[in-house]
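Have a look at the structure below before the remarks.
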Amino acid sequence: MTSETRNLDGELERERAYVEVCRAATARQVEDASHQVVAGEDVSGDGASAEALGRYLRTRAKRMRELPQSPSFFGRLDFADTAEAGDHRRQRYYVGRRRISEDPTVAPLVVDWRAPVSRAFYQASAHAPLGLARRRRFGWAPWSLGAPEELTGLEDEPLGESNGFAGAGGRGPAGGGGSREGGAGGILAAEVERPRTGPMRDIVATIQPEQDALVRCGLSESVCVQGAPGSGKTAVGLHRAAYLLYSFPQRIQRSGLLVIGPNRTFLRYIAEVLPALGEIDVTQSTVEDLVATRPVTSVDDERAAAVKQDARMATVLRRALYGRIRAAGSEPLVVPDGSYRWRVSPERLDRTVAELREQAPPYAIGRESLRARVVAMVQDQAERRSGVRSGAWSRKIGRCRPVAAFLEAAWPDLRPEAVVAALLSDPAVLAEAADGVLGPEEQAAILWRRPPRSERSAPWSEHDLMLLDEVAGLVERPAGFGHVVVDEAQDLSPMQCRAIARRSAFGSLTVLGDLAQATAPWAARSWSEQLAHLGKPQAAVVPLTTGFRVPAAVMALANTLLGALDVDVPPAVSLRQDGELTVRQVAGGRLGGAAVAAVRAALEREGSIAVIAADGAVTEAGEALRAAGIPTGAAEQVGSTARVTVLPASLVKGLEYDHVVVLEPAAIVEAEARGLHRLYVVVTRAVSRLDVLHSRPLPAPLAG
């Protein structure tokens, strides 16, 4: 054994000992949080304060208990003895997923990755060391829960001139550098390329400088990330959410943080990322679930769906709602008040209605404003005659029958269901609201074939719910979130974008997507158009073109499709030169047997496996595998013990697997109007190996 090896072994043992210290401190933090709940019951003060304190302590203790187990730290920063290091001169910091401290009054054992000092871990380089003498990365066993013996390696990267680190002032063990896992970057590369099974995990140990810059954008900034496959755009969005929750806790807690995904399968896939980063109070939803105020009992055809999701429907719905506002007519408003009768002329009433409608307030606010103005007119007459009136008198006049009847005639109290049901049931109502906006064929496409007897029995489709949400937003603005993360945003329809915009009108957005992966019939052609629908037209669009997960061989195949997609997206570049690609024609259409053989070969190697086929061929593919004795999981079983998952092409967006077997690309392309985009999505789900099996000719872009 060489002296260098002994030195590395000794250094690794010292770091493992530090792991023990950190784990003990974490256990005490959890225990102390529970103890404070009991101790807080005896704190004196007013009842409201005591209740608020108790709620805070109970929530904190619950969160501490629910935090998932993970390695205490993944990095170490040794700052140099130079002026550039500033207040961190000659200090040492361990960087982990969350702060670990023996006592709040002393320096932490581990700093949170979101703390300002941790920025150097992600941004420092040999050209710009940011005051660092050395950056250390730690290697842990796969799926480690953080036991000391699971710390398997360490790797140092000298950064500052002659290092300049004296080893004083830090909390961790002193010691030399070196690498336990070979060449520079070995631990980082191994973590990026590690086989994946189960739900998505955080990338906090491997965030790259360009990703970190996006993660640390301020709360007031809205940003759009145009991300190539495997560039980590989803991870960037989730880590930005965690960063904002850490950096602006009070502002976010008041209004909340929302993560929107394309489907529930995707949300299950990403569900463990934020809890692993210490954040559990985050709302995760699809747009459909966000607007689901009524059960869905019908399905629209493609034409009706396309019209209902069009941005022009917002104009039609606004007309349908505000078109119910009418002038008062020729009769004055007469309000009895004891022995008095107060009159308001129809001219004044009509002028007031017109003025309010011109201001275009939310419908419900406009109605109440009209009530208040009518009461003020009556009150002015009354006070001129017999003095000041009380608030109770004003409320009585506002509720009296003549005023209520006038309001119902001029500015009726309307529910979104009544407005939309009338619009979709009555051709005359629709024609009036859609005049000059929708053509006759478009109007006919969205009319209900059998109008319901009432709104309660209406056959609502999922696209109708979007219309209901639009009208509800016109009636009264919904509560908004402080920040919203929107993934796969390229597939949002204009009406879906508007639903999100209503919930982030006073907050900021992180928009994630890839125009090349746009598969919906109404998918965006440009980010400027999509951001305008989302209410953030000034948001910066930042491209991530480097694929960290998808290997070069797979990326090259995907780039052959890119030219046929008619989108302004640069070809992606992969940092990984590994990976395997096989494109094989199967004679006689025996794709089931070929899929079985491909999966059996894949099972001999490490990692997750997905078999992806056109939606109509999924059942047959699954049956072939199960008949061969290969257990499989379905798309909705993210996190199941089965290594092999059989998925329809329509549900794979945002997911990734080590080995992907694609069956019959031509069928995938033919299944929908934007089939080439779907195939681009499908082939880029592979992060190690890709098998393309076909019995029919390949789509033209791949034929070469």
If you compare all heavy atoms of [X] against all heavy atoms of [Y], which two are closest, and at what distance to 0.1 Å?
X      : Y      : value
Thr510 : Gly237 : CG2-CA, 4.2 Å
Val618 : Ala613 : CG2-O, 4.0 Å
Val204 : Tyr122 : O-OH, 2.7 Å
Gln226 : Val569 : NE2-CG1, 3.6 Å
Val282 : Val259 : CG1-CG2, 3.8 Å
Arg97  : Ser70  : CD-OG, 3.7 Å

Would you find a donor on one side and an acceptor on the other, under 3.5 Å apart, between the side chain of [X] and the backbone of [Y]?
X      : Y      : value
Ser508 : Ser222 : no
Gln91  : Phe79  : no
Ser574 : Ala552 : yes
Arg576 : Arg549 : yes
Arg685 : Val681 : yes
Thr283 : Leu258 : no
Ser247 : Leu244 : no
Tyr243 : Cys217 : no
Arg135 : Leu159 : no
Arg605 : His659 : no

Compare all side-chain heavy atoms of [X] with those of [Y] and state whether any distance is below 4.5 angstrom.
X      : Y      : result
Leu544 : Leu214 : yes
Asp78  : Arg136 : no
Val110 : Val95  : no
Tyr94  : Glu15  : yes
Thr546 : Gln208 : no

Heavy-atom neighbours of Arg119 CZ exceed 12 at 6.0 Å: no
For Gln250, I'd like to know if atom CD has over 12 heavy atoms of other residues, nucleotides or ligands within 6.0 Å. no
Report the distance from atom [atom1] of [X] to atom [atom2] of [Y], rounding to the nearest 0.5 Å.
X      : Y      : atom1 : atom2 : value
Tyr93  : Leu132 : OH    : CG    : 10.5 Å
Tyr657 : Ile609 : OH    : CD1   : 11.5 Å
Asn263 : Arg268 : CG    : CZ    : 8.0 Å
Asp487 : Leu267 : CG    : CG    : 9.5 Å
Arg98  : Leu277 : CZ    : CG    : 8.0 Å
Asp514 : Ser231 : CG    : OG    : 7.5 Å

Near-ring test Phe248/His483, centroid separation under 6.0 angstrom: no
Of Leu581, Thr582, Val550, which meets side chain to side chain contact (heavy atoms under 4.5 Å, CB included) against Leu690? Leu581
Audit row: Trp140, Val19, side-chain contact (heavy atoms from CB on, under 4.5 Å) steps and yes/no: CA-CA 12 Å; Trp140 294 83; Val19 173; 3.7 Å; yes
Report the C-alpha separation of Gln284 and Leu274 in whole Å, then their side-chain angles, then the decisive distance to 0.1 Å, and conclude whether the side-chain contact (heavy atoms from CB on, under 4.5 Å) test is met. CA-CA 11 Å; Gln284 299 189 24; Leu274 287 170; 4.0 Å; yes
If you draw the axis of the six-membered ring of Phe121, does the NZ or CZ of Arg137 fall within 45° of it and under 6.0 Å from the ring centre? yes
Would you tell me whether His239 and Asp212 have side-chain atoms, one donor and one acceptor, within less than 3.5 Å of each other? no
Please determine whether a side-chain nitrogen of the Lys or Arg among Glu150 and Arg23 lies less than 4.0 Å from a carboxylate oxygen of the Asp or Glu. no
Using the salt bridge (Lys or Arg N to Asp or Glu O under 4.0 Å) criterion, which residues pair with Arg16? Sequence neighbours excluded. Glu13
List the steps, then state whether side-chain contact (heavy atoms from CB on, under 4.5 Å) holds for Tyr680 with Gln517. CA-CA 7 Å; Tyr680 181 87; Gln517 299 184 53; 3.8 Å; yes
Assess whether side-chain contact (heavy atoms from CB on, under 4.5 Å) is satisfied between Thr265 and Leu647, documenting all intermediate values. CA-CA 11 Å; Thr265 299; Leu647 301 109; 5.5 Å; no
Which word best sums up how the rings of Phe73 and Tyr18 line up, parallel for under 30°, tilted for 30 to 60°, or perpendicular for over 60°? tilted
Please determine whether side chain to side chain donor-acceptor pair (under 3.5 Å) holds for the pair Thr286 and Arg264, giving the CA-CA distance in whole Å, both sets of side-chain angles, and the decisive distance to 0.1 Å. CA-CA 7 Å; Thr286 64; Arg264 293 178 183 175; 5.2 Å; no
